[in-house]
There are 2 protein chains.
Amino acid sequence: MTSSTPEYIPNLSYDSVIFGFSGEKLKILILEYHNMKTYALPGGFVKTNEALDDAVKRGLTERTGLDKIYLEQFHTFGSMHRFKPEIMKRIMEEQGDIEEKDHWLLGRFITVGYYALINYKNVTPKPDFLSDSIEWYDLDQLPELMMDHREIIEKALEHLRIHLDHKLLSFNLLPEKFTMKELQQVYEAILGESLNRANFQRKMLSLNILKRHDKLYTGGSHKAPFLYSFKKP
Amino acid sequence: MTSSTPEYIPNLSYDSVIFGFSGEKLKILILEYHNMKTYALPGGFVKTNEALDDAVKRGLTERTGLDKIYLEQFHTFGSMHRFKPEIMKRIMEEQGDIEEKDHWLLGRFITVGYYALINYKNVTPKPDFLSDSIEWYDLDQLPELMMDHREIIEKALEHLRIHLDHKLLSFNLLPEKFTMKELQQVYEAILGESLNRANFQRKMLSLNILKRHDKLYTGGSHKAPFLYSFKKP
DNA sequence: CCAAAAGTGTTCCTATTACACCCATGC
DNA sequence: GCATGGGTGTAATAGGAACACTTTTGG
């Protein structure tokens with residue numbers, strides 16, 4: 001790509017915080033650059049003729065194989081502390097891109113933060129051309145991340161916790177049908193605290209967003225729970 | 001400015017929604033471009049070596065004369081529907097800037113939205129070099145705005161309403177000392193609804209963020225109200 | 001004394017919380 | 001029958017909303 005007709009908007013990127021849920025713990029998708037021991041959030045760039053939201057969706061699909069993911073924008077990070085060109089330079093050198101001195105990737109970047117919440121088990125993350133691996137990490141066992149990516153995750157989590165009630169419908173975190181206990185586990189994993197079973201049940205039902213289906217017989221020695229699904233609007 | 005060493009980040013702008021309060025109504029600062037009947041939010045661009053937040057503060061100070069304003073970022077707008085180069089072209093032609101065909105200002109822009117809430121009376125807005133006038137407009141009497149600026153205002157207002165309790169402390173909308181009635185008028189103007197006086201008083205006091213001072217004798221034939229100020233943390 | 005605005009009190013209602021109880025199921 | 005997990009009931013509490021009452025002030 002030449003600088004006269006750039007394919008991507010310079011100095012602007014996005015980073016996505018992909019939350020995944022395994023049944024008990026909340027995890028985050030982190031990638032590692034080739035031989036660098038450099039861990040980062042999956043991010044990317046916006047084409048000059050592409051909507052911001054579309055760019056983020058495109059990047060996420062390329063990296064997770066998942067389509068039709070609900071993404072929520074939460075903050076744009078524009079501090080000059082983000083400017084660490086050495087890191088990107090090393091990454092590019094590993095790639096063999098060493099020619100250009102003022103390559104656009106070495107510029108200063110303002111990044112738009114997005115987050116998504118998906119069902120862990122539906123995803124087979126695939127590393128892209130820049131990265132060595134892409135893996136799920138427990139929230140409390142994150143590796144050291146490049147630049148301000150740790151801060152980006154904290155801010156994403158804060159937003160997720162505040163807007164949980166309104167946003168959970170849109171995220172496909174649970175299977176089509178699920179039990180009340182599973183739903184509660186999602187809430188507890190995200191909020192990081194345990195909730196009262198009886199009150200949680202009542203509150204969820206009072207929101208009038210759940211449809212009750214037949215009971216689920218698991219073979220366990222206890223009462224069979226109802227299955228629920230989200231009412232589609 | 002030449003394209004080889006750009007002063008500003010291309011394709012990225014900010015727009016600021018400046019809410020002002022006059023004592024009864026909420027107003028917004030809108031500027032008009034020279035002889036264009038084109039109304040817009042005050043916005044600007046980010047220098048390549050400047051923090052995003054700093055750029056927004058700089059622009060606001062240039063246009064309002066006010067310093068140390070608390071600004072809150074709320075959303076980044078990146079749709080391709082924003083791309084209307086004709087408008088900017090006409091503005092530049094009015095200015096006499098007609099030479100460059102692919103000038104950076106004619107590109108597609110992703111814009112970061114910020115809002116602020118200030119005391120209307122402390123401000124003497126000054127038009128910048130591009131604009132003819134800069135005026136306060138009532139929320140319900142806005143002129144037709146360029147591009148998606150109307151949508152940006154709606155989204156700012158939504159954020160302001162939701163986060164009012166947490167953010168009012170940081171905004172210098174009221175004088176140092178104010179009465180409970182003045183505080184209530186701010187809330188009512190922002191929320192767009194009237195509130196019960198007795199309950200509002202109790203709720204505000206229960207938040208434990210107000211310091212009570214001496215009474216204010218206005219000369220009105222009624223009980224003198226207490227003055228309050230926000231407790232500084 | 002009256003009107004206007006401010007401060008405080010009372011009542012009602014709803015949402016939240018903690019805990020208890022009973023039911024279904026497989027061993 | 002009994003342990004386990006699931007559904008529902010109940011009492012105590014907190015918070016909000018609606019309204020009434022009283023106090024202060026200047027005319």
Side-chain angles (χ1 to χ4, degrees), chain A residues 21-25 161-166 168 174-231, chain B residues 21-25 161-166 168 174-231:
Chain A
F21 184 66
S22 68
E24 49 168 329
K25 278 200 161 181
R161 283 176 173 158
I162 292 174
H163 300 109
L164 190 51
D165 283 345
H166 303 283
L168 203 60
L174 290 165
E176 176 65 21
K177 294 183 180 181
F178 48 86
T179 65
M180 192 59 79
K181 177 167 191 148
E182 289 172 325
L183 184 60
Q184 183 171 347
Q185 285 173 325
V186 174
Y187 267 75
E188 290 179 339
I190 293 171
L191 297 178
E193 59 181 333
S194 56
L195 305 169
N196 180 288
R197 182 176 59 86
N199 297 333
F200 180 80
Q201 169 122 336
R202 247 189 308 268
K203 170 152 187 188
M204 283 301 120
L205 293 178
S206 76
L207 293 177
N208 202 30
I209 55 171
L210 295 178
K211 195 163 129 192
R212 182 178 271 186
H213 301 275
D214 290 340
K215 294 198 168 189
L216 169 71
Y217 290 87
T218 58
S221 17
H222 53 77
K223 204 169 176 175
F226 286 110
L227 283 174
Y228 296 91
S229 64
F230 289 117
K231 285 181 185 170
Chain B
F21 184 65
S22 69
E24 48 169 330
K25 278 198 161 183
R161 284 178 172 155
I162 292 174
H163 300 109
L164 190 51
D165 283 346
H166 302 285
L168 202 61
L174 289 166
E176 176 65 21
K177 294 184 180 180
F178 49 86
T179 65
M180 193 58 79
K181 178 171 190 142
E182 289 172 326
L183 184 59
Q184 183 171 348
Q185 284 172 327
V186 174
Y187 267 75
E188 290 178 338
I190 293 171
L191 297 178
E193 59 181 333
S194 56
L195 304 169
N196 180 287
R197 184 177 57 87
N199 296 333
F200 181 80
Q201 169 121 337
R202 247 189 307 267
K203 170 152 185 186
M204 282 304 120
L205 293 178
S206 76
L207 292 177
N208 202 32
I209 56 171
L210 295 178
K211 195 164 130 191
R212 183 178 269 188
H213 302 276
D214 290 340
K215 293 197 170 192
L216 170 70
Y217 290 87
T218 58
S221 24
H222 53 77
K223 201 168 177 176
F226 286 110
L227 283 174
Y228 296 90
S229 65
F230 290 117
K231 285 181 185 170

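Residue numbers start from 1 in every chain, and the chains themselves are labelled A, B, ... in the order their sequence lines are given, proteins ahead of strands.
When the options A:T179, A:L205, A:L183, A:I209 are evaluated for a side-chain contact (heavy atoms from CB on, under 4.5 Å) with A:Y228, the one that passes is A:L205.
Think of the region where chain A sits on DNA chain D: with heavy atoms and a 4.0 Å cut, that region ends 5' and 3' at D:dA3 to D:dT10. Protein chain A contacts DNA chain C from C:dT17 to C:dG26, reading 5' to 3' and using non-hydrogen atoms of the protein with a distance under 4.0 Å.
Here the side chain of A:Q201 pairs no donor or acceptor atom with the backbone of A:M180 at under 3.5 angstrom. The main-chain N or O of B:S229 is never found under 3.5 Å from a side-chain atom of B:E176 such that the two would form a donor-acceptor pair.
A 6.0 Å sphere centred on NZ of A:K215 holds more than 12 heavy atoms belonging to other residues, nucleotides or ligands.
How far CG of B:L216 is from NZ of B:K181: 12.5 Å, rounded to the nearest 0.5 Å. With rounding to the nearest 0.5 Å, the separation of CZ in B:R202 from CZ in B:R197 is 10.0 Å. From A:Q184, atom CD reaches atom CG of A:N196 across 8.0 Å, with rounding to the nearest 0.5 Å.
Between B:L210 and B:F178, some side-chain heavy-atom pair lies under the 4.5 Å cut-off. The side-chain heavy atoms of B:Y187 and B:M204, taken from C-beta on, include a pair separated by under 4.5 Å.
The nearest pair of heavy atoms linking B:F226 to B:H213 is CD2-O, 3.6 Å. Summarising the geometry of B:L195 relative to B:E188, their closest heavy-atom pair is N-OE2, 2.8 Å, with the distance given to 0.1 Å.
Both B:P225 and B:H222 sit near DNA chain C, but only B:H222 has its closest nucleotide nearer the 5' end.
Of the residues in residues 186-195 of chain A, not one places a heavy atom less than 4.0 Å from an atom of DNA chain C. Taking a 4.0 Å limit (strictly below) on heavy-atom distances, residues 197-217 of chain B reaches DNA chain C at B:R197, B:A198, B:Q201, B:R202, B:R212.
With sequence neighbours excluded, the residues that form a side-chain contact (heavy atoms from CB on, under 4.5 Å) with A:K203 are A:D165.
Comparing the start and finish of the helix from C:dC1-D:dG27 to C:dC27-D:dG1, five pairs each, the helix axis swings through 20°, to the nearest 10 degrees.
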